[in-house]
Novice: 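This structure is in structure tokens; I'll ask about it shortly.
Below, chains carry the letters A, B, ... as their sequence lines are ordered, and counting in each starts from 1. Since we're looking at a predicted model, the values are computed, not measured.
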There are 2 protein chains.
Amino acid sequence: MEGRIDRIKKQLHSASYKLTPQREATVRVLLEHEEDHLSAEDVYLLVKDKSPEIGLATVYRTLELLTELKVVDKINFGDGVSRYDLRQEGAAHFHHHLVCIECGAVDEIQDDLLGDVEKVVEKDWNFKIKDHRLTFHGICWRCQEKDSDESSE
Amino acid sequence: MEGRIDRIKKQLHSASYKLTPQREATVRVLLEHEEDHLSAEDVYLLVKDKSPEIGLATVYRTLELLTELKVVDKINFGDGVSRYDLRQEGAAHFHHHLVCIECGAVDEIQDDLLGDVEKVVEKDWNFKIKDHRLTFHGICWRCQEKDSDESSE
DNA sequence: GTGGCTGCAAATGATTTGCAGCTCT
DNA sequence: AGAGCTGCAAATCATTTGCAGCCAC
């Protein structure tokens, strides 16, 4: 984890930004909650536990900065808030999401499933792809089990 | 177009809603701008041309209603606003989008490119897919031409 | 001592809501 | 007269911005 912070620090420096204590605290929260899909408010509350003086605006500014540097991706699942998701280090493309319409859980798919699809799009639509967003909405495995338990009771 | 309005009217009725003049005006605007990706404000301004008494809140309420009935899909391209996109009649799945990061244009792909990918997700992640969102970000064909023109000048 | 960075409070902008009035039956 | 629907204005919520102070080099 320290190594990862160091690398993010270098990324900041090479874009002439500093890793201030507030920024570091924010990054640490993101690293500690890599599996989650935190909103700015969520991040703010978590950072506040460790660094109570931090302001919400600073968190927003830091998240914006990290988005710009492609350390995180800003995503939107259709509720009113933006969520921030750490990129896998070195990942060429953004991972995909499975959003459960019953329980709201969000799972990640790290595999790149779109290789073939992207070739088709680049060729047939003459579109030079830089990034993508793919989200499936449906029923997660947990809810499928839960549902079949209930119906058999 | 009249047929389509009739069918939407039936959909509303079967969910015990009425096709009021304001709702009809809103639906007509959506049909006339099927290619576009209008925000609520955009729709409001266009409806206002024909029916100046309409209120913005009514447009929001109508768009919400149409989303619930799956007549339109609410989408979000990462700018702060929701956009509303008519579903193709009878389409099992939502179409895909190509967002140009240079000019902002949004093109649609109606083909279902995800058939194989969905099979993999359903099987390997045990996820029952109900819908999806796929958006590519990159350079559209128009900007690619424009860019190469400029560099050869 | 200057520029980057911060916290706070105020501003903004999209969307939602409360409510009184209207419409159609 | 009742239910559904509307327009308006006010409220709400996420996010952004202005600004004075602070900190590190």
Novice: Once you round it to whole Å, what is the distance between C1' of C:dC5 and OH of A:Tyr17?
Specialist: 12 Å
Novice: Measure from CD on B:Gln22 to P on C:dG21 and round the result to the nearest Å.
Specialist: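 B:Gln22 atom CD is separated from C:dG21 atom P by 18 Å.
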Novice: Base, sugar-phosphate, or nothing for A:Ser16, non-hydrogen atoms under 4.0 angstrom?
Specialist: nothing
Novice: Looking at A:Arg28 and A:Glu2, is any side-chain nitrogen of the basic one under 4.0 Å from a carboxylate oxygen of the acidic one?
Specialist: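 Result for this pair is yes, salt bridge flagged.
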Novice: Keeping A:Glu108 on the side-chain end and A:His95 on the backbone end, is there a donor-acceptor pair under 3.5 Å?
Specialist: no
Novice: In Å, rounded to the nearest 0.5 Å, how long is the span from CZ of A:Phe127 to NE2 of B:His137?
Specialist: 8.5 Å
Novice: Looking at A:Lys9 and A:Asp6, is any side-chain nitrogen of the basic one under 4.0 Å from a carboxylate oxygen of the acidic one?
Specialist: no
Novice: Do the charged groups of B:Arg87 and B:Asp131 touch, with an N to O distance under 4.0 Å?
Specialist: yes
Novice: Which is the 5'-most and which the 3'-most nucleotide of DNA chain D that has an atom under 4.0 Å from a heavy atom of chain A?
Specialist: D:dA14 to D:dG18
Novice: Between B:Thr62 and B:Gln22, is any pair of side-chain heavy atoms under 4.5 Å apart?
Specialist: no
Novice: Under 4.0 Å, heavy atoms only, any strand: does B:Ser82 hit a base, just the sugar-phosphate, or nothing?
Specialist: sugar-phosphate
Novice: Counting only non-hydrogen atoms, which of residues 42-72 of chain A are less than 4.0 Å from DNA chain C?
Specialist: A:Glu53, A:Ile54, A:Gly55, A:Ala57, A:Thr58, A:Arg61
Novice: Are B:Lys128 and A:Asp147 ion-paired here, with the side-chain N under 4.0 Å from a carboxylate O?
Specialist: no
Novice: Between B:His97 and B:His37, what is the ring plane arrangement, given parallel below 30°, perpendicular above 60°, and tilted in between?
Specialist: perpendicular
